[in-house]
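Have a look at the structure below before the remarks.
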Number of protein chains: 2
Amino acid sequence: MIRLENVEKIYRVGQTDVPALRGISLEIRRGEFFGLLGPSGSGKSTLMNLIGCLDRPTRGRYWLDGANVEDLDDDALSEYRLRHLGFVFQSFNLIPQLTVCENIELPMYYRGVPPAESRARAEFLAELVGLGERLRHRPAELSGGQCQRVAIARALANDPPVILADEPTGNLDTRTGLQIMELLGALNREGRTVILVTHEPDIAAFARRRLWLRDGLIEREETDAP
Amino acid sequence: MIRLENVEKIYRVGQTDVPALRGISLEIRRGEFFGLLGPSGSGKSTLMNLIGCLDRPTRGRYWLDGANVEDLDDDALSEYRLRHLGFVFQSFNLIPQLTVCENIELPMYYRGVPPAESRARAEFLAELVGLGERLRHRPAELSGGQCQRVAIARALANDPPVILADEPTGNLDTRTGLQIMELLGALNREGRTVILVTHEPDIAAFARRRLWLRDGLIEREETDAP
Ligand SMILES: Nc1ncnc2c1ncn2[C@@H]1O[C@H](COP(=O)(O)OP(=O)(O)OP(=O)(O)O)[C@@H](O)[C@H]1O
Ligand SMILES: Nc1ncnc2c1ncn2[C@@H]1O[C@H](COP(=O)(O)OP(=O)(O)OP(=O)(O)O)[C@@H](O)[C@H]1O
Ligand SMILES: [Mg+2]
Ligand SMILES: [Mg+2]
């Protein structure tokens, strides 16, 4: 379903090359719960951005549901992302001028979902992450963990078959974090693919297959018995 | 050294009052390592902002080193903050247009430290948090955990006697997080007061005294034997 072959990502900073990913090959099957771990700066978010079609590899090949992603132009990639992927960003990336409700509705708005329907679903998702009382707040009027939960709700707006979550519990207390993981676990059991970056072992334990990065390369892998 | 008496903070959102802190009384002595825990939305960052003189209480009194903070005007408060407090923000608050080095130098610049000296200290602090190779990067060219480490280095720039850290390891892998905590522990042993928000028990364990908030009130407190 998701297949990377010798993928590299080199960033250019001034006169220097920063090789964030130095040759990644992996395969993630439909319906997997996949965990990505590794030290700060090891390339996890970079890899997530490539898998999530938010960026393109410098070298290497990437297949998504059999389609070779390099052959898609930016519009096609954008459309693909909207339909297939829900992304929880490490730094949330909420729109400051929009309310909680409007932030969650945004992916639905882009897909042309009628306002009454997108509003109802946004309210449902806000309730699901414990923010039913914060619908009219703007991001600046929220706690860090509340912002993170809006980002999670937004990622689920179009009910995507693939959910990418980059440190979704980093700003959450243990109990709220586990509630979010239970939610992701339930979505996974219903057949959705979940790809999760985390540095917390208790959170990583929800992923049946786990990959460690170090300095832009795969260091090791673990798979639980079914 | 830090004393709060019946402190309340009420935010106004549209027509609604949000009582983020509903009556907090506490005392933090010079040189303590103090931990603040509690669920997402319970008021931790709000309390940190009050202690850190970034905001004022709606009601209640606040003494800092014997000075009644309500009697200080905004300029005096700003000056006090610059000299006495180093703040690691939950969402980092780095300046996007400045490099890592310039971000760390900023508090020194405001204090009139000569450029050669502030540059040398910024490079030293960047090394200390493992970012010696990232001095010329801008925040958009950093990983989440690297941004967090820049925020930590910046908080230490003026060598403040009081360090306030709001979730300083939320974006760090376990090993890097523990390195940062060792650093804070060493600074504390040298006599600095450290006030830390965290939701991770292993991180909270570095604080000898710990307070739990729930819905804007103190729920319980723990102190380790000396
Ligand atoms: N600027 C603001 N305007 C309105 N309400 C706010 C504002 N900042 C915080 N709040 C509200 O006050 C409450 C406490 O927020 P605070 O940021 O202190 O929580 P927290 O304990 O730090 O949470 P987290 O662990 O998620 O970071 C939350 O319910 C939040 O919605
Ligand atoms: N836009 C960019 N431009 C230049 N360098 C970048 C950029 N984004 C990331 N990097 C660099 O690439 C490396 C990998 O970054 P990445 O964000 O993927 O790490 P990460 O594993 O997600 O780290 P963390 O756990 O701290 O979030 C880092 O060394 C970082 O400095
Ligand atoms: Mg990252
Ligand atoms: Mg907070």
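For clarity, every value in this text was computed on a predicted model and none was experimentally measured. Throughout, protein chains are lettered first and strands after them, A, B, ... in sequence-line order, and every chain is numbered starting at 1.
When all heavy atoms of B/Val88 and B/Ala155 are compared, the closest pair comes out as CG2-CB, 3.5 Å. Closest of all the heavy-atom pairs between B/Leu85 and B/Gly52 is CD1-O, 3.4 Å.
Residues of residues 122-150 of chain B lying under 4.5 angstrom from chain A, judged on non-hydrogen atoms, are B/Arg134, B/His137, B/Glu141, B/Ser143, B/Gly144, B/Gly145, B/Gln146, B/Arg149 in numerical order. Residue-level contacts of residues 33-51 of chain B with chain A, in order of numbering, are B/Gly38, B/Pro39, B/Ser40, B/Gly41; threshold 4.5 Å between heavy atoms.
Residues A/Ile195 and A/Ile2 meet the side-chain proximity criterion, which asks for heavy atoms closer than 4.5 Å. A/Leu184 places none of its side-chain heavy atoms less than 4.5 Å from the side chain of A/Phe206.
Salt bridge A/Arg56/A/Asp74: present, at least one basic N to carboxylate O contact under 4.0 Å. A salt bridge links A/Arg209 with A/Glu32; the closest basic N to acidic carboxylate O contact falls under 4.0 Å. Between A/Glu70 and A/Arg61 a salt bridge is recorded (basic side-chain N to carboxylate O distance below 4.0 Å). One finds a salt bridge joining A/Glu222 and A/Arg210 here, because a Lys/Arg side-chain nitrogen approaches an Asp/Glu carboxylate oxygen to under 4.0 Å.
Judged purely by atom type and a 3.5 angstrom limit, B/Arg192 uses its side chain to pair as donor or acceptor with the backbone of B/Leu187.
For CZ of B/Arg12, the number of neighbouring non-hydrogen atoms (other residues, nucleotides, ligands) closer than 6.0 Å is greater than 12. Counted within 6.0 Å of CZ on A/Arg119, heavy atoms from surrounding residues, nucleotides or ligands total 12 or fewer; the atom is thus considered open.
Interface remark: B/Val197 contributes no atoms to any contact with chain A (heavy atom separation under 4.5 Å). Of the two parts of B/Thr198, neither the backbone nor the side chain holds a non-hydrogen atom closer than 4.5 Å to a non-hydrogen atom of chain A. Neither the backbone nor the side chain of B/Ser91 comes within less than 4.5 Å of any heavy atom of chain A.
Of the listed residues (A/Thr169, A/Thr16, A/Leu172), the greatest number of heavy-atom pairs within a distance under 4.5 Å of chain B belongs to A/Leu172.
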